[in-house]
Amino acid sequence: MRKIINEDISKCVGCNRCIRVCPVEGANRVYKEDDIIKVSIEPERCIACGFCIDTCRHKVRFYEDDTEQFLSDLRRGEPISLFVAPAIQVIEGGMQMLMWLRKQGVKKIIDASIGADICTWAHIRYIEKNNPHAVITQPCPAIVNYILKYKHSLIRYLSPVHSPMLCTAIWMKRYDRNNDAIAAISPCVAKAHEFEQTGYVKYNVTIKTLMNYVRDNDIELPEQPSGFDNREAAFGRLYSMPGGLKENLEFYFGKNLRIDQAEGQGVVYESIDAFADENPAFLPTVFDVLNCGEGCNLGTAVDHNISRFATHSMMDDSRKQILKTFNRDYYNRMLAHFDQRLNMSDFIRKYLPMAAKSMAVSDELIEEGFQRMHKSTEAQRTFDCAACGCDTCHEMAKAIILGDNIPENCIQMLHDEITDVLAIAVSNISTATLLEQDISEIQEQSGTIAEFMITLTEGITKFETISKSILSIATHTNLVALNASIEAARAGIHGKAFAVVAEEVQSLAAKSKEVVSESEEISKKSQKAITAVNDLLSNISGSYEKANISISVLNQSLSKIVDSINIDIDKTKAKAEKPSLAELPESTSYAGTDTEVLDTENVLEYTH
């Protein structure tokens, strides 16, 4: 199938909103680019529901249609006629824009409401003739894509009647004998797939893109609105609102026919999944389903610059006008007219299932997925915050194994990692505080040592003074001994004893002098060592002061980190909370792939 939804991945911030709203498992793939989480589209699994475009706040996702080619071919003079979805009636300037297209060369402009009336007629006749057990209506190609790709067992329930737009195109080609190329002024991006599969319509020209073209090119629209080149449609004009088909069928059948409705993201695809598993006895005769919650009036290719209440008011006015103009007799005459002019088989579609990648994953691989997210406890495995885009942690584990998501996208794993870092930071603060205390104690002890060194220096100074006194005494004693020796020599034999004493005194004086000399040398070395110790203590004291300042700064820094981590944890918890019902349904069921063999033979061929 043609790729409709595209992306500018450079704008992606990995917020996961697109995954959250996507009804298809594996239609988005998460990866990292330059450490930034990105989410890209998997085109082969995309059903073009357009939800990701509406939900993306960063303008990453956008769709592509045929507006540019349509306008280019129109300028070249290619014969083109078009039909217009009923949603045009709620678009400001919509009918004037159609007049501008006429002036650009469009041959015919048909109101697709005529196709909606034909669609109603075909459903009425199908139900009357076949009394089907259950029918899923198929005006939305995204829903058809979903069933053809992922719910093969439901193909047999798909209404065989073409959508209102295709009924219009078929009517133009086969009954209005229009040989021009057909363009659809459409409110739906996925219509391109329907047109591609059926071959009647060449251009899917979306209302939003066309109106943007008018605005961007400062085109002045004509004041006069355009009319249509077909008879006025009846209740088909209500098809663009939710329950439009239901209202048409009930106008004919009354309340004798059970018709259930499901519309919009978070409701319709979950309801289709439930339909597949439901007891057949509980299924409605008609299941009227729409991709968009407000129907085509606020479709995926319509500017949502009009409120739902304003839209409902316009549609209510349209309904009142229809009821005034068309009564039951007119309605019956219209159906009889279609019976006479139209061949039912022209408006019947057959469906072929599409192949889709298997999403089956064994329990062993699911366990591996959990392990890669560091989830080992039951509480971790049922955290189910949906912040990763998956509805449950089990689905996230599966997505990781399939390569559609990455462990780094798990908010709980990030939370646990932040918590671990916080614990380390708190531990480091405690260690730094103890280190600061130890350094303070060492600094105090260094101060005590410095005081002792001062006392020691004073003692050495006194010792030097005493040594000088001893040296003086020794010198004086040596002089006295010398004089005594001289006197002993004069005394002769009578002075020998005195000479011996003098000699010993002189020897003692000499030894005292030597000791004093050695003491002075020791004192000098001690003084030098003390000076070095004092210098070292001074340096250590300066280092202590610097260390204290650094540790104080470190403590402040770690405290800021802890505060920041606590804030991040609070934000993480907030992000991990389930989105509100306005943003995300409480429970989102992802489509699986079943392989039930399609029985296409039960689709009846109709003849006039």
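If you're wondering where the values come from, they're calculated on a predicted model, not measured in any experiment.
- Side-chain atoms of Asn256 come within 3.5 Å of backbone atoms of Phe253 as a donor-acceptor pair (strictly under, hydrogens ignored).
- Between Ala48 and Ala190, the shortest heavy-atom distance links the atoms O-CB, 3.4 Å.
- Of the charged side-chain nitrogens involved, at least one lies within less than 4.0 Å of a carboxylate oxygen, so that Lys191 and Glu194 count as a salt-bridged pair.
- By the 4.5 Å heavy-atom criterion applied to side chains, Arg381 and His394 are not counted as neighbours.
- A donor-acceptor pair is defined here as one N or O able to donate and one able to accept, closer than 3.5 Å; no such pair exists between the side chain of Tyr203 and the backbone of Ile185.
- Between the side chain of Arg372 and the backbone N or O of Pro407 there is no donor-acceptor pair closer than 3.5 Å.
- A donor-acceptor contact shorter than 3.5 Å links the side chain of His133 to the backbone of Pro280.
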**OP:** List the steps and the verdict of side chain to side chain contact (heavy atoms under 4.5 Å, CB included) for Leu257 and Glu250.
**Re:** CA-CA 7 Å; Leu257 197 68; Glu250 286 183 344; over 6 Å; no

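- Listed for the Thr120 side chain is a donor-acceptor partner under 3.5 Å among the backbone atoms of Ala116.
- Considering CE of Met315 and CZ of Arg319, their distance stands at 7.0 Å, rounded to 0.5 Å.
- Considering CE of Met241 and SG of Cys296, their distance stands at 11.5 Å, rounded to 0.5 Å.
- Checking Ile4, Thr209, Asn291 one by one against Val189, the side-chain contact (heavy atoms from CB on, under 4.5 Å) holds for a single residue, Ile4.
- With salt bridges taken as basic N to acidic carboxylate O contacts below 4.0 Å, one links Arg2 and Asp66.
- Put simply, CZ on Arg215 and CG on Leu210 are 10.0 Å apart, with the number rounded to the nearest 0.5 Å.
- Side-chain contact check for Tyr146 and Asp273: at least one donor-acceptor pair (N or O, by modelled atom type) lies under 3.5 Å.
- Nearest heavy-atom pair across Phe370 and Cys393 is CE2-O, 3.7 Å.
- For the residue pair Arg61/Asn28, the side-chain donor-acceptor check at 3.5 Å is satisfied.
- Inter-residue side-chain proximity for Cys388 and Ile19 is flagged as unmet; no heavy-atom pair is nearer than 4.5 Å.
- No more than 12 heavy atoms of other residues, nucleotides or ligands shown are found within 6.0 angstrom of NZ on Lys59.
- A donor-acceptor pair under 3.5 Å is absent between the side-chain atoms of Thr55 and the main chain of Phe51, judged by distance alone.
- Between Cys46 and Ile5 the shortest heavy-atom distance is SG-CG1, 3.9 Å.
- Taking all atoms of both residues into account, the shortest heavy-atom contact from Pro139 to Pro164 is CB-CD, 4.1 Å.
- A donor-acceptor contact closer than 3.5 angstrom is absent between the side chains of Asp384 and Thr382.
- Checked by atom type and distance alone, the side chain of Asn405 never pairs as donor or acceptor with a backbone atom of Val30 at under 3.5 Å.
- You'll find the side chain of Ile53 stays beyond 4.5 Å of the side chain of Thr300, heavy atoms only.
- Counting heavy atoms from C-beta outward, Asp303 and Lys208 have side chains that approach closer than 4.5 Å.
- Asp34 contributes no side-chain N or O that, together with a main-chain N or O of Ile36, makes up a donor-acceptor pair within less than 3.5 Å.
- Aromatic ring centres of Tyr157 and Phe287: separated by at least 6.0 Å.
- Between Tyr126 and Pro160, the closest heavy-atom pair is CE1-CG, 3.6 Å.
- There is a side-chain donor-acceptor pair under 3.5 Å between Arg349 and Gln197.
- Contact of the Val286 side chain with the Lys246 side chain is not registered, since no non-hydrogen atoms from C-beta on lie closer than 4.5 Å.
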**OP:** For side chain to side chain contact (heavy atoms under 4.5 Å, CB included), just list the numbers for Met396 and Asn409, CA-CA rounded to whole Å, side-chain angles, deciding distance to a tenth of an Å, and then say yes or no.
**Re:** CA-CA 9 Å; Met396 176 61 166; Asn409 205 23; 4.0 Å; yes

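- Between the side chains of Asp65 and Thr206, at least one donor-acceptor pair of N or O atoms lies under 3.5 Å.
- You'll find the side chain of Gln265 stays beyond 4.5 Å of the side chain of Cys49, heavy atoms only.
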**OP:** Apply side chain to side chain contact (heavy atoms under 4.5 Å, CB included) to Lys149 and Met1, showing your working.
**Re:** CA-CA 11 Å; Lys149 280 189 173 187; Met1 285 195 306; 3.4 Å; yes

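- Separating the CD1 atom in Ile272 from the CG atom in Leu154 is a distance of 7.5 Å, to the nearest 0.5 Å.
- Residues Ala134 and Leu283 approach most closely at CB-CB, 4.2 Å, considering heavy atoms.
- The 12-atom threshold is exceeded at CD of Glu368, counting heavy atoms of other residues, nucleotides or ligands nearer than 6.0 Å.
- Residues Tyr150 and Asn145 bring no donor and acceptor atom of their side chains to less than 3.5 Å of each other.
- Asp35 CG: 12 or fewer foreign heavy atoms inside a 6.0 Å radius.
- Side-chain contact between Ile147 and Ile155 is present, with at least one heavy-atom pair separated by less than 4.5 Å.
- The closest side-chain heavy-atom distance from Arg45 to Asp404 is not below 4.5 Å.
- The SG atom of Cys52 sits 5.5 Å away from the CD1 atom of Ile41 when rounded to the nearest 0.5 Å.
- Heavy-atom contacts from other residues, nucleotides or ligands closer than 6.0 Å to CD of Glu92 number 12 or fewer.
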Subject >> Worked check of side chain to side chain donor-acceptor pair (under 3.5 Å) between His312 and Glu294 >> reply: CA-CA 9 Å; His312 291 178; Glu294 294 300 319; 2.7 Å; yes

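- The closest donor-acceptor contact from the side chain of Lys375 to the backbone of Gln380 lies under 3.5 Å.
- If you take CZ on Arg17 and SG on Cys56, they are separated by 8.5 Å, rounding to the nearest 0.5 Å.
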Subject >> CA sep, side-chain torsions, deciding dist, call: His162, Thr198, side chain to side chain contact (heavy atoms under 4.5 Å, CB included) >> reply: CA-CA 10 Å; His162 273 297; Thr198 54; 3.9 Å; yes

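- In this structure, the side chain of Thr137 engages the main chain of Val289 through a donor-acceptor pair within 3.5 Å.
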